[in-house]
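Encoded as structure tokens, the structure appears first; notes follow it.
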Amino acid sequence: MTEQRPQQSDPHVLDQPWRIWSTIAVMGIVLVGILLGVIVIPVVQGRSAGIDAFTAICRALGILPGSPAVPQFTDRTPPTPVSQVVWTPDVLQILARADVAKGKAKVQEVCIACHGENGVSVATEYPHLAGQSGAAIYKQLHDYRTGSRVNPQMTDIAKALDEAVTADVAAYYAGQPQRNLNPVTLAVSPPAIVQLVELGDPRRNIPPCASCHRAGAGGPIEAPVLAEQRDEYLIQQLKLYASGQRRNDVYGRMRLIASRLTDEEIKGLAAYYRAGFR
Amino acid sequence: MSDTPHEVHESRILRTELLWAFGVGIFVAASLSMIVFTALTLNVNPPSNVERIDPKTLHLSGEFAEQNLGTTVFGDGTVIVRAIATQFMFVPQCFAVPANRRVTLRFASPDVIHGLLITGTNVNTMVVPGFVAQVHTEFTRTGDLLMPCHEFCGQGHSEMWATVQVLPVDLFKPGPDGRVSCAKR
Amino acid sequence: MGESPVRNAERLCLAHFWVAFGAFLFACVLGAWQMWVRSPLGAKIGTPGDYFMSVTAHGVSMAYVLTTFFIMGFGYFVAVTALNRPLPGWIWAWGAFWMGILGVVLALISIGSGHASVLFTFYPPLTANVWFYIGLVLVVAASWVWCALMLVAMHAWKVDNPGRPVPLAMFATVANAVMWLWTTVGVAAELLFQVIPASLGLVQTIDVGMSRTLFSWTLHAIVYFWLIPAYIAFYTLAPRAAGGRLYSDTMGRLTFILFLIYSLPVGMHHLLMDPEHGNGTKFIQVLLTAFVAAPTLLTIFTITASMEIAGRLRGGRGVFGWIATLPWKRPMVLAIGLAFVMLGFGGFGGIINMAYGMNAMVHNTSWVTAHFHLIFGGSVVIMYFAIAYEIWPRLTGRDHASLAPLRLQLWLWFTGMMVMTLPWHWLGLQGQWRRVSNFNYADPIIAAWGPWVVVSFVGGIILLTSAILFVWNLVTLHRSEVSAIAKPLYALAVHPPRRVPAALNGFGLWNVLVLVLMLLAYGFPIAQFVIEPSPAAIVHRVR
Amino acid sequence: MQSDESSAADSKVEVADEVDETALASVMRTVPLGAAVLAGATVALLVLGYLLIYTLVFIPRGTVG
């Protein structure tokens with residue numbers, strides 16, 4: 001097809017057929033793709049399910065939800081949330097910009113009676129708050145305020161706090177250094193418990209505690225820090241979760257896990273974290 | 001001017017390459033024809049459902065509220081399974097479905113990207129926060145199947161799995177409210 | 001090695017290759033450890049934290065460090081030897097090299113610190129610390145400088161040789177650079193506008209639909225960025241190594257053009273199981289993906305024909321007689337044979353993956369892991385070995401004392417890869433899912449997989465020994481006394497091209513077609529998130 | 001590093017290789033036959049495998065949509 005010419009033929013002249021044929025081929029292929037994918041297949045599938053052509057095409061493009069081949073389902077079940085806390089950017093901003101001084105003032109005024117001078121609680125049924133995650137404190141106070149979690153003392157106290165002060169208190173405690181190590185139990189931690197914390201128990205479908213509770217694991221935002229927490233308090237809360245009395249854990253993850261732990265596992269885990277392991 | 005042997009070779013090579021290119025065309029047509037044929041006759045598609053849902057308020061929604069999760073059979077016979085894929089657990093961790101009957105599975109994630117497949121079946125979808133993942137299928141084999149999370153979602157990813165009990169039609173009995181729960185094994 | 005214009009290129013290429021193969025060996029050790037930890041033998045060893053840190057390091061080292069540095073080193077080598085002129089702007093090349101090294105160090109340190117266990121695909125909302133992303137951006141920026149230098153080198157050559165066809169090896173290298181520039185737009189946009197601001201805490205939420213779509217823009221063409229050097233070896237090194245000629249130079253140019261066109265608008269076949277795109281947009285990209293098989297099928301015919309020429313010239317008779325008479329003793333020829341076998345298995349896995357609805361059968365299972373280990377880890381990396389063995393004498397002036405350890409290393413890599421990946425296909429069909437730090441072998445379904453995971457682990461050990469032997473072969477070459485005799489490298493075509501249409505000598509036309517294809521295939525999928533962003537997901541920081 | 005005396009595309013004499021032209025001409029009479037048969041068989045096998053897995057493994061597992 002290339003005729004013989006004495007001098008070097010101009011490559012652009014040679015180019016003409018390439019330019020035309022390649023454009024036709026490439027455009028043809030992609031147009032067949034569009035025709036089949038966006039028009040033929042959705043319309044034919046829609047007809048088999050009683051969906052009109054326009055809706056089917058919109059679903060194939062992703063403008064409308066649902067599959068072009070199946071009637072879309074709508075649900076009108078009323079919501080029954082277990083916690084009203086919503087992690088929106090503004091809530092996270094409020095937490096990030098909370099005023100620690102105001103928080104300290106409110107803590108001195110209300111919280112130290114039970115939670116102790118610098119977040120080290122005065123009695124076994126009150127949790128330590130020093131070094132606790134700000135988001136975790138914010139969520140629990142929010143749940144007390146909305147009644148998602150009930151406690152004789154905490155409900156009224158939480159109701160008295162507004163959003164900003166809650167964040168300030170949370171930020172203050174989050175800033176407190178943890179100093180409640182229990183060296184005695186630090187060394188002793190039975191391998192079964194370490195196994196449960198690091199690898200969970202696939203047999204009973206229990207995820208590892210560390211996957212959510214270790215800081216920086218990228219787990220749920222509201223997961224509390226457990227290190228150096230009172231072991232009696234941890235045991236009490238796990239039992240409340242297991243019995244379902246405490247139900248402000250979103251989607252019941254803690255209730256499910258707690259219900260599958262044996263009593264000595266609960267004690268072992270409480271001792272493990274009481275010792276200060278991360 | 002007759003073609004020199006040099007030219008004969010070149011055009012013959014070009015002809016064989018074009019012939020092979022034609023063969024490649026058949027290969028492409030064969031693989032695409034199977035896809036288009038089953039799309040048109042059996043409605044086989046990848047699961048798509050551009051239905052936006054805010055992951056931040058998912059737990060406040062009605063459809064994905066705790067009590068509404070699991071299998072529900074409606075008056076007109078449609079079987080819908082709703083489940084949440086959240087960091088490091090499917091909720092519910094076990095749900096029952098009927099065999100050889102169309103089932104719609106709807107999943108949502110309140111936190112990070114998850115994904116799931118049900119072993120031995122064609123149920124497979126990503127669960128992207130912000131969208132409801134929806135899969136329409138029939139389960140052709142009964143038994144307890146495994147539904148693991150197959151997209152890395154954090155440190156607990158390997159322990160995130162659920163069980164799917166595919167029940168024969170006679171054992172699949174919805175309660176008065178249309179709910180079906182897993183048989184305790 | 002005389003004062004030839006390529007004096008400086010030797011150190012440049014060697015520096016890139018040693019960084020590439022260093023990262024490769026490190027990643028092979030991690031790979032073997034991971035295979036052990038997830039097998040029944042090592043079920044209780046290590047924590048998920050260790051495992052996913054290792055998977056991230058294995059992915060980053062293999063997919064970003066080994067590949068980018070090998071491709072840059074081989075590109076510099078081709079630009080100097082195929083064009084037979086000094087490299088323009090070699091100071092820039094060294095600058096890019098050290099920028100890349102800084103990027104690698106930053107990335108690997110942040111992974112090692114445990115604050116970047118988000119895997120090499122780093123899908124948000126899981127977000128690593130910012131140094132991990134800055135490291136990756138620096139490596140990509142280094143490769144952009146390399147692309148610029150390749151384009152400048154070809155342009156300078158074309159100015160000095162008007163009307164003459166660019167040597168095929170250089171044409172393919174520049175096609176690869178152009179494709180890489182096109183495809184890195186996706187991941188660069190995702191990193192600069194979404195992930196890095198989130199990692200720095202400037203924003204608390206991220207549009208996950210948009211970020212997955214932008215990453216899929218890069219996700220397919222990046223694997224062809226890794227694959228094209230292997231195809232350059234197929235087309236330009238293998239025919240001469242086998243003692244034959246390249247069957248058709250035009251088909252070679254066409255293959256690399258088809259790769260440029262069809263590897264870009266197909267990324268969404270990685271999102272077939274995603275809810276955030278309609279079936280129609282997915283089908284368009286599946287149809288285009290079917291055409292991305294065309295250049296590979298053209299290649300296996302053209303290169304097999306080239307090998308047939310070599311085999312028959314050495315006395316091969318009958319339909320398949322030429323196979324036996326091929327010089328299998330030469331590493332490049334052996335590598336071609338093994339690479340094509342793995343390409344066949346890997347390609348088969350790929351056709352199943354891309355088949356629209358059938359992707360539901362295998363998405364995110366070990367079938368996919370087997371596919372990319374066979375094609376990238378198998379046929380591409382074995383060609384990286386063959387290229388290294390072929391050009392090392394040119395870079396060091398010393399030649400291999402004996403070819404036996406080289407062949408042994410290639411056979412070990414092939415055997416190890418087949419033993420590791422064939423069980424994965426079988427387990428993938430049964431639903432074995434990806435990236436698992438420890439399996440619950442008490443579950444009856446998973447217990448049945450146990451023995452096969454051990455078989456794959458044995459394959460992993462063979463691969464590790466082969467990797468160690470590979471680095472050992474190169475190290476001993478540096479000290480071998482046998483001096484290298486200069487023998488020509490690049491293959492001649494049966495009909496060396498005299499006049500080539502501009503379309504087969506440059507990328508102007510093809511860039512236009514790629515732009516149109518990208519608009520048609522990716523236009524709406526990305527625009528839908530601009531028109532109506534997906535509901536914002538809260539960033540989950542892993543630090 | 002000894003670069004080739006001249007690049008492959010140099011219109012002067014290509015870098016000679018030990019391929020002798022007449023032998024090449026005779027070989028070229030039969031050449032793509034072996035490649036066509038081998039590559040053709042492989043591609044046919046791939047298509048057959050694809051169709052078998054599609055019909056015998058994928059479809060029986062239930063439709064998906």
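Here is how names work: the chains are called A, B, and so on, in the same order as the sequence lines, proteins then strands, and each is numbered from 1.
A:Ser243 pairs in a side chain to side chain donor-acceptor pair (under 3.5 Å) with only one of the listed residues (A:Lys239, A:Arg247, A:Gln245), which is A:Gln245. Here the options are B:Asn124, B:Leu105, B:Ile118, B:Thr121, the test is side-chain contact (heavy atoms from CB on, under 4.5 Å), and the partner is B:Thr137; only B:Leu105 passes.
The residue among A:Pro207, A:Cys212, A:Ala223 with the most heavy atom pairs within less than 4.5 Å of chain B is A:Pro207. When B:Asn68, B:Val132, B:Thr78 are compared by the number of non-hydrogen pairs under 4.5 Å with chain A, B:Asn68 comes out ahead. Among B:Ala39, B:Pro47, B:Pro110, B:Ala162, the residue with the largest count of heavy-atom pairs under 4.5 Å with chain A is B:Ala39. Listed options A:Leu256, A:Thr74, A:Val250 were ranked by heavy-atom pairs under 4.5 angstrom with chain B; first place goes to A:Leu256. Annotation: maximal heavy-atom pairing with chain B below 4.5 Å, among A:Arg47, A:Arg255, A:Gln84, occurs at A:Arg255. By number of non-hydrogen pairs under 4.5 angstrom with chain B, the leading residue of A:Ile221, A:Ile206, A:Val70 is A:Val70. Contact tally against chain B (heavy-atom pairs below 4.5 Å) for A:Leu61, A:Val85, A:Val44, A:Asn205: the top residue is A:Asn205.
For chain A, the nearby parts of B:Leu40 are the backbone and the side chain; heavy atoms of each come within less than 4.5 Å. Interface residue A:Pro220: backbone and side-chain heavy atoms are both found under 4.5 Å from chain B. Using a 4.5 Å cut-off between heavy atoms, B:Arg102 contacts chain A through its side chain alone, with no backbone atom that close. Only the side chain of B:Ile80 comes within less than 4.5 Å of a heavy atom in chain A; its backbone stays farther off. Proximity to chain A (any heavy atom under 4.5 Å) is shown, for B:Pro92, by neither the backbone nor the side chain. Looking at A:Ser48, the atoms closer than 4.5 Å to chain B (heavy atoms on both sides) all sit in the side chain, from C-beta outward. Contact of B:Asn43 with chain A is made through backbone and side chain together, with heavy-atom distances under 4.5 Å. For B:Glu63, the parts sitting under 4.5 Å from any heavy atom of chain A are the backbone and the side chain alike. When heavy atoms are compared at a cutoff of 4.5 Å, B:His136 approaches chain A solely by way of its side chain, counted from C-beta outward. At a 4.5 Å heavy-atom cutoff, the contact between A:Gln72 and chain B is made by side-chain atoms alone. When heavy atoms are compared at a cutoff of 4.5 Å, B:Phe64 approaches chain A by way of both its backbone and its side chain. Of the atoms belonging to B:Met160, not a single heavy atom falls under 4.5 Å from chain A. Residue B:Val44 touches chain A through its backbone alone, counting heavy-atom pairs closer than 4.5 Å. When heavy atoms are compared at a cutoff of 4.5 Å, A:Ile41 approaches chain B by way of both its backbone and its side chain.
Looking at heavy atoms from C-beta onward, B:His157 lies out of side-chain contact with B:Val112 at the 4.5 angstrom threshold. Contact check for A:Leu234 versus A:Leu269: no side-chain heavy atoms found under the 4.5 Å cut-off. In this structure, the side chains of A:Pro208 and A:Leu199 stay at 4.5 Å or more apart for every pair of heavy atoms. Contact annotation: the side chain of B:Asn45 approaches that of A:Ser67 to within less than 4.5 Å [non-hydrogen atoms, C-beta and beyond].
One distance of note links CE of B:Met89 with CH2 of B:Trp161; it measures 11.0 Å at 0.5 Å rounding.
The shortest heavy-atom contact between A:Pro224 and A:Ala136 is CA-CB, 3.7 Å.
Electrostatic pairing of A:Arg260 and A:Glu265 does not count as a salt bridge here, judged by no charged N lying under 4.0 Å from a carboxylate O. Under the 4.0 Å criterion applied to side-chain N and carboxylate O atoms, A:Arg59 and B:Glu51 are not assigned as salt-bridge partners. Salt bridge annotation for A:Asp75-B:Arg82: present, with a cationic side-chain nitrogen under 4.0 angstrom from a carboxylate oxygen.
Side-chain polar atoms of A:Asp201 and A:Gln195 form no donor-acceptor pair below 3.5 angstrom.
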Item to check | Evaluation steps, side-chain contact (heavy atoms from CB on, under 4.5 Å), between B:Glu151 and B:Val127 | outcome: CA-CA 9 Å; B:Glu151 180 64 39; B:Val127 184; over 6 Å; no
